[in-house]
Every structure is written in C-alpha cells, then in structure tokens.
*Asks:* 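Structure below; questions to follow.
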Amino acid sequence: MTPPTPAARIADLRRQLEDANYRYHVLDEPSIPDAEYDRLLRALDELEAAHPDLVTADSPTQRVGNAPAGKFAEVRHAIPMLSLGNAFSDEEVQDFVRRIADKLKRPSLRFSAEPKLDGLAISLRYENGAFVQGATRGDGATGEDVTLNLRTIKAIPLTLRGTGWPAVLEVRGEVYMPRADFEKYNEHARKHGGKVLANPRNGAAGSLRQLDPRITAQRPLAFFAYGTGLVEGGELPDSHSATLKQLRGWGFPVSSLSEVVDGVDGLLAYYRRIGDARDGLAFDIDGVVYKLDDGDGQREMGFVSRAPRWAIAHKFPAQEQMTVLESIEVNVGRTGAVTPWALMQPVHVGGVTVTRATLHNADQVARLDVRNGDTVIVRRAGDVIPEVVGVVPERRPAGTVPWQMPTQCPVCGSEIVREEGEAVWRCSGELTCPAQRKESIIHFASRRAMDIEGLGERFVEDLSDLDIVQHVADLYRLTVDDLLEMKRRVDERDGTTPETVKAGKVATKWAENLIEAIDRSRQTTLERFLFGLGIQHVGESTAKALAVWFGDLQLIRRLPWPLFKRVPDIGGEVARSLGHFLDQPGNQQAIDDLLARGVVIGDTHPPSGKLRAGLDLATLLVDLEIPKVTRVRAEQLASAFPSVQALLDAPVHNFVTAGLPSDSANAFAAWLEDEANAQLLSRSGAALETLLEVTPEDVATATGPLDGKTVVLTGGLAAMSRDEAGEKLEALGAKVAGSVSKKTHLVVAGEAAGSKLAKAQELGIEIWDEAQLLAFLEKHGSGA
DNA sequence: GATCCTCGAGTTCA
DNA sequence: CTCGAGGATC
C-alpha cells in the first residue's frame, strides 16, 4: 500500500473531525472523547501548517478564529427574517387556530411545535453545500455579517452532509449558550476575575458580536436550526416537519423536542408538557412556537406586515426582565448585618410585580458593579425570590460611580464594620440600634421560636418605635390597655382614622387576642427559648442540640464556653458566641426577666449520659484552645495533674517534668499568666465537676426503626405539613436533614418536588412518595 | 489544608 | 432558595 498523500490525509482528518462534530451536536451521541478530538485537530493543524496551499475556509482548523475584523459588514437578507406574533394565554392560541381554520376551511389542522429558544436568531447561507455567510437578524431586513464568529461554533456545519441540497440554501436558527456551559464559564470567570455573563442569552449575543473571532471561539455556543430562507436550485419538502427532518439529514442540529401535534388541544398539551420540563432543559426557552405544518396552508395564510399568519409564539411567563434600578438601599438585620437591596421601577416577572430585590452583600454589588440609575436584569426563576443578575452596560447613564457601603448605620448612626475576612458588614450598635432590637423581637415572637400568634412585623415595629417594648421581656408586661394606647398613638402619628371610632365603640377584640397569644407563649420548650434569644450562630438545630444534651436552662446559663464544645456540631466559634452572650450581664438579666414574668420551660431534664464520654481534664484542655497545647500535650498534663486546681497551683517547671517540651510548657504558662484565662480554666474545671455529678452514667438510647438514618423531606405533603412529618420521623429515630447528599439514606418526595428529588435520583438514594411515608408511620404507630 | 456537609441568616410578594 | 461559613473528617 502506498502511503497516503498529505492531501488525502488532510481530507481524512477533516472528515473525521466533522463527523465527530455531527455526532456530538446533531445526533447528540458523542463518538470520540474530547482528548481524541483535540489530538485529531492538532494533527490536522500541523499538516496544514506544512502545506499552506491545502488550507481551505471550511477546514475545522479555521473554527478557532482569525484575527479581528474592523467592524461587521451589513448583510441584506434575501428573504426578510420575520418576527412572530405572540400569544400569552390559551385564548389567544385558540383565536390563532380559529383564524386559520376559518380561512382554510379545514376541520382539522396539523401543527409543528417546537421550543422557542432564548438565544440569538441568525441566518446561514450555503452555496453548493459550503457555508459562505452568516448574519444576525438585525432589524429583520438587514443584519450584521458574523460569518467568522459563526465558523467557530462547532454545531454549525461548514459543509453539508448527504446529498440533494439546493445550490443556494439559507438556514435560519438560534445560537444559544447551554446552561451548564454558561455556569461553567461564569464560574471560571469569577475565579479568574474575568467578566461574568448576566445570563445565557446575553452571553450568546455578546459572544457573537465579538469583533475578535478568537474570543468567540472560546465561548461555549451551540445552535439549533428551525427554518429556511432563500432556496435556489433545489427543492425542500413541502411541510415544516419534513423540512426539519431534511435539515437534520444535511447536518444541522434540530431540537429533539420538535413534535407534530393536532389542533388546539394538541398545542396546549404540548405547551404544558414543555412548560413542565422547562427547568430541567439544557437551555433557556421563553416559550414554544407553533407553525402550521403544511406548505400549501402556509402559502394561503400569508403574512401580516412582518409576521406570518401561520405561526405564533406561545410565551411562558417571563422569568427575567429588564428594569431601571432607582437606588441601592441597605437593611439592618437582627445580628446587625447590613445588606444592600435594590429599589427598582416596578416590573412584571414570573407572574408578580417586583420592586425590590436583594443584592446579598457588598461583594455581590461590587461583582455586578450595579449603580444607581443602571438598567438591570431581574430574575425570578423556579425559586421565588427576585434577584438582580446583571447590568446592561450600554444603558448606563453618564456620571455614575460605583456603589459604596455606608460608613454609618442608617438607623442608629453607629459605625458599620467588617470582620477580617468576612463578607458581611455589621452595624456595631448591637442592642442600642433600634433596627436590631426590633428584628430580635420579631425573631423571638416568630413561629419557630416562641410562636406568638399575631405578633408580626407590623405590631413589633409600632411597639418598638413608640418605645412601648424595648426588650423581649417587655412583651410579657403588655396589657390590653397598652395595645389600645399603641393603636391610638399610631393612628395619631399617621393621621389615620381610628377604626375604633368608626365602629362607634372601642374595638378591643384584637388586643385581647394578642395578649392571650402572648400568654400562651409563656409555656414553651428549652429549644424554642434558646433559639428565640437570637444568639449569633445558635439557630434552630443548634438550640435543639443544646436542649437535648444539657436539658436545663439554669445549667446552660452558667457553663463556660469550652464545655459547649462537647455537643456534636458545636465548635469553637459557636461555643464562644454562646459564651459571649451569657457573659453579658444584660442578657442574663433579660433571661431572669422572662422567667420572672412567667415564661415556663416545660421540658427540663438532666444532661444526656452521652456527655460523659468527653468529660475529662484532657478534653477540657483541648477545648480551651490553648496555643501549642495539642491533644497529646493535654493528655500528658492530665495524667500528671489530678485536678484543675493542681494545674493552677503548679510552677512552670512542673509542666516540663510532666513531659511537655519547653515551648509547650512555656506557652501554657504564658496563657495561665493572663488572669482571664486562669479564671476560665478554674470555672471550666468546676463546671466539669458539676456535670459529672449531675450527668447520669447510663446512656439511655431509645431505639426506633429509623435509628441512624438521615432523611430529607421535599415537596408538599397532603396529609400533614413537612414539619409535622419531620417530627414524626425524628420520633422514630431519624435525623431529618435539609439537603440531599451522599449521607442521605432516604428522601420523601411529596407534590412538586424539585431539585432535591433530582439529586436523590442522581445519587441513587431510596425515594418514598407520601403514601409510602404514611404507610410506614401507620405501621410504627404514629400515623396521621 | 482540602473537601464535604450542614447550619444560619436574610429574603419577596400577595 | 442561595450564599457564606462553621464543623467534621481525612
């Protein structure tokens, strides 16, 4: 066999590469690994470099992009790129179908339906099977010549496959950026300080309009064909669905979601089907498109101005909108966290009118570089909470400056500070700041804390603003008269007509109800009480752990912080925060006040026997986080000294004789020098003794059918709330977690379960539906 | 020190 | 729901 000529080898490599592209982008069946593709491409590149005369424009090597063009040339579309009429409701779709049925006098109509991608419409021109020019839609009549950029998109064939194509063929379709690639691209950009794309659509549009095709080549763009323009020297099938099939045969990617459906019912069913699948698709869509399938019908229907009468876009409610940001304001939370949020001109997104959206923190504002007056993109996707995803830089008014975090709290004027290495800025006013006081009372009254029904944000705001309630304990002093007085002063302040007068007599029922609710809340549990105090880092689950492990408020109140680390999932940070809270006399006073005003903790019990495992001197020394005192050193000290007192009394050299190296011994001695540390050690030693006395030896481990199992609840349940289901599962020994991970044993998926269910399926975790859950609960004696 | 998981905190609208 | 960060684990 004679060795192949360079020309033959080049042709072979090109064929292999284009074949791989076709399989990957059109058939969606990758045939060779990426590395192999790269290897072939490099081989071709080398051959072409050695034989420059053999380089052609349609070679796959030319996809990497050439040097920048000055600007885009204009391209006049031989056949205008039309726009589509829109339908936003089922009625509009019915009208559309009726119009066609009336005009064509046909009883039944067949449509081709396809998803409407949220990308950029383009037109591709092929002459004798070779890609020669590509253009953006522009105004429909004239677009921009982006041929070089389009060449870099591997999903666009440079030469047509198969046979029978017209001498001149224009193909229309959508360039888009797949979601996963968009995420990956942004993640990379964030890490390397590059420019973050606002959304896949902007990403696609921006990428195509790069003057330097080498930049476009690096963007993960894809393409779907959905129609044709000019056709000369050949024929296309006479129905839309057959045309799509033909395009696919010639090497164009066509959405696999395209379907032929009959009548209005078929269209609307398709709409719902795609709508349900929307969040799980690999790309963003903003609706679906219906086209009368047969060519005769299309020709007879014709056009209105610049849109065909035989096609319509049925839109989904928009998940993203543009609007103008009027100003960036800040909010002060319970912990003093100062969070910026955007006040925007009202805009309709995802079915509701949005005027405000969180900006999370100062870093986020800087990352997006949003400024007052900017036009911004707001998203309200599957989640409910609106979010500013990006700025439209072209619309930025002149003279704006980057936003800056205020230096003083807008509510109390205290300095706003940021801990080293932290993202959040905080108002340093603590409980002198009315905003923080107010928020902490709202937290205290909330459902998951003390659960004072009817005491919401509004009342707390009034009570706090009028100085009727300053601390949580003040709530338990309130009388009906206080509340009526508050109402009177609020009416006076706002100039509103008092409802009390309108009714002709004094309306007091609401006040009585509220006082009653406050009274009911007096009877509570340790976990709710601890959570309600609003201690930093002590949320629901930490509060619960503390309640379970220590069981007694009075015990917890006097423990020094290192002992809290004996509870699983409580580490240095959380323990210190709790200790710091308890060290403040004001907080202890507040607890006393609450108890004095009748708050009763109903579930007091001795500490868990499991505590004993870590109650020894060595562990205590480790927990104290003394510099250079590791586990090993702590063990040495503990075996050499019988008690904390002995340690406190010992001279430095005794630490050395105990076996400590001199640097450890010195560090420990230096630590003890500090009076506060010595006292902490002494207090901790005493607390340790007390705990050993009150903690039962026996570790009573209740056994349930779900012992040691981690369960995640997702979606809505019909028979009970998720919280109730969680309690029942916990009663059977399960640990109820909030998110699915490898450690999850079981996921209970209710109605409309979302990402968690998907993740569970991905990880192959056992999944139950509500019926299975109910059957299980029934079987184990805790049915609904 | 890196990595995985979980918790805490803040958040919108009707 | 999402982000950031604390805790556990290797």
Side-chain angles (χ1 to χ4, degrees), chain A residues 183 187 190 279 317 319 329-344 346-365 367-368 378-389 418-427 435-436 439-440 442-443 446 448-449 456-457 527 530-546 564-578 614 622-623 625 710-712 714-715 722 735-745 752-756 758-759 763 765:
Chain A
E183 300 292 346
E187 200 176 308
R190 264 193 292 274
D279 286 343
Q319 292 182 320
E329 312 280 334
V330 298
N331 212 1
V332 182
R334 165 167 69 85
T335 62
V338 181
T339 46
W341 54 275
L343 178 63
M344 299 165 298
V347 65
H348 227 68
V349 199
V352 297
T353 308
V354 170
T355 54
R356 33 163 65 202
T358 177
L359 293 165
H360 297 295
N361 57 45
D363 289 350
Q364 173 80 354
V365 179
R367 203 154 43 226
L368 296 169
V378 192
R379 175 193 303 156
R380 188 172 176 277
D383 51 341
V384 183
I385 295 164
E387 175 189 29
V388 173
V389 292
R418 164 144 82 166
E419 286 278 313
E420 190 77 34
E422 283 216 324
V424 290
W425 291 77
R426 285 179 206 281
C427 157
Q436 292 187 50
E439 296 295 330
S440 61
I442 292 170
H443 170 76
S446 68
R448 317 197 77 111
E457 203 154 325
E527 107 184 53
L530 287 171
F531 176 55
L533 291 174
I535 303 161
Q536 241 190 88
H537 295 124
V538 180
E540 243 186 320
S541 99
T542 306
K544 180 170 195 173
L546 287 165
F564 295 126
K565 288 170 72 176
R566 294 296 87 235
V567 178
D569 296 330
I570 293 184
E573 204 66 31
V574 178
R576 270 200 174 80
S577 165
L578 178 53
V622 174
D623 285 348
E625 299 175 10
T710 302
V711 183
V712 173
T714 180
R722 255 199 325 244
K735 180 169 158 27
V736 178
S739 60
V740 178
S741 73
K742 278 185 291 190
K743 293 185 183 168
T744 310
H745 297 104
S755 61
K756 286 180 207 171
K759 183 149 186 211
L763 292 170
I765 292 166

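Everything numeric in this text was worked out from a predicted model, so none of it was measured. A, B, ... follow the sequence lines: proteins, then strands. Residue 1 opens every chain.
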*Asks:* Closest heavy-atom contact between A:P346 and A:T353?
*Replies:*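 In this case the closest contact between A:P346 and A:T353 is CB-CG2, 3.8 Å.
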
*Asks:* Are any of A:N361's side-chain N or O atoms less than 4.0 Å away from OP1 or OP2 of C:dC3?
*Replies:*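 For C:dC3, neither OP1 nor OP2 has a side-chain N or O of A:N361 closer than 4.0 Å.
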
*Asks:* How many Å lie between NE2 on A:H360 and C1' on B:dT11, as a whole number?
*Replies:*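 Nearest whole value for this atom pair: 8 Å.
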
*Asks:* Is A:K544 salt-bridged to A:D569, cutoff N-O under 4.0 Å?
*Replies:*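 Result for this pair is no, no salt bridge flagged.
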
*Asks:* Counting only side-chain nitrogens and oxygens, does A:T339 get under 4.0 Å of the OP1 or OP2 atom of B:dT11?
*Replies:*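 It does, given that an N or O in the side chain of A:T339 lies less than 4.0 Å from OP1 or OP2 of B:dT11.
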
*Asks:* In whole Å, I'd like the distance from the CG atom of A:L359 to the C1' atom of C:dC3.
*Replies:*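 After rounding, the gap between these two atoms is 14 Å.
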
*Asks:* Check for a donor-acceptor pair, side chain of A:K735 on one end and backbone N or O of A:T710 on the other, with a separation under 3.5 Å.
*Replies:*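 Not confirmed, A:K735 side chain does not pair with A:T710 backbone.
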
*Asks:* Over how many whole Å does the gap from A:E457 atom CD to B:dC13 atom P extend?
*Replies:*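 One finds 12 Å between P of B:dC13 and CD of A:E457, rounded.
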
*Asks:* Using a cut-off of 4.0 Å on non-hydrogen atoms, how would the nucleic acid contact of A:V424 be classed: base, sugar-phosphate, or nothing?
*Replies:*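 A:V424: no heavy atom of the nucleic acid under 4.0 Å.
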
*Asks:* To the side chain of A:R367, which of C:dG6, C:dG4, B:dT12 is closest?
*Replies:*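 Among C:dG6, C:dG4, B:dT12, the one nearest the side chain of A:R367 is C:dG4.
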
*Asks:* Atom CD of A:E329 and atom P of B:dT11: how far apart are they, to the nearest Å?
*Replies:*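 Interatomic distance, CD of A:E329 to P of B:dT11: 13 Å.
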
*Asks:* A:R576 and side-chain hydrogen bond (donor to acceptor under 3.5 Å, both in side chains): which single residue from A:Q536, A:H537, A:E625 fits?
*Replies:*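 Answer to the side-chain hydrogen bond (donor to acceptor under 3.5 Å, both in side chains) test with A:R576 among A:Q536, A:H537, A:E625: A:E625.
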
*Asks:* Which nucleotide wins on minimum distance to the side chain of A:E573, given the candidates C:dG7, B:dT11, B:dC13?
*Replies:*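 The listed nucleotide nearest to A:E573's side chain is C:dG7.
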
*Asks:* Go along nucleotides 2-9 of chain B 5' to 3' and tag each nucleotide: B for a protein heavy atom under 4.0 Å from its base, S when only backbone or sugar atoms are that close, - otherwise.
*Replies:* ---SSSSS

*Asks:* Could you state the atom-to-atom distance from CH2 of A:W341 to C1' of B:dG10 in whole Å?
*Replies:*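 Those two atoms, CH2 and C1', are 14 Å apart.
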
*Asks:* Shortest non-hydrogen contact from A:V388 to A:L368?
*Replies:*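 So the minimum-distance heavy-atom pair works out to O-CD1, 3.6 Å.
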
*Asks:* Please report the distance, rounded to the nearest Å, between CG in A:L368 and P in C:dC3.
*Replies:*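 Between P of C:dC3 and CG of A:L368: 11 Å.
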
*Asks:* Hey, which sits more toward the 5' end of DNA chain B by its nearest nucleotide, A:V332 or A:T353?
*Replies:*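 It is A:V332 whose nearest nucleotide is closer to the 5' end.
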
*Asks:* What is the distance from CZ of A:R356 to P of B:dG10, rounded to the nearest Å?
*Replies:*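 Going from CZ in A:R356 over to P in B:dG10 covers 15 Å.
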
*Asks:* For the pair made of CZ in A:F564 and P in C:dG7, what is the distance, rounded to whole Å?
*Replies:*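 So the CZ-P distance, A:F564 to C:dG7, works out to 14 Å.
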
*Asks:* So, does A:S577 use its side chain to make a donor-acceptor pair with the main chain of A:E573 at under 3.5 Å?
*Replies:*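 Side chain of A:S577 to backbone of A:E573, a donor-acceptor pair under 3.5 Å: no, none is there.
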
*Asks:* Just how far is it from atom CZ of A:R418 to atom CH2 of A:W425, taken to the nearest 0.5 Å?
*Replies:*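 Answer rounded to 0.5 Å: 5.0 Å.
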
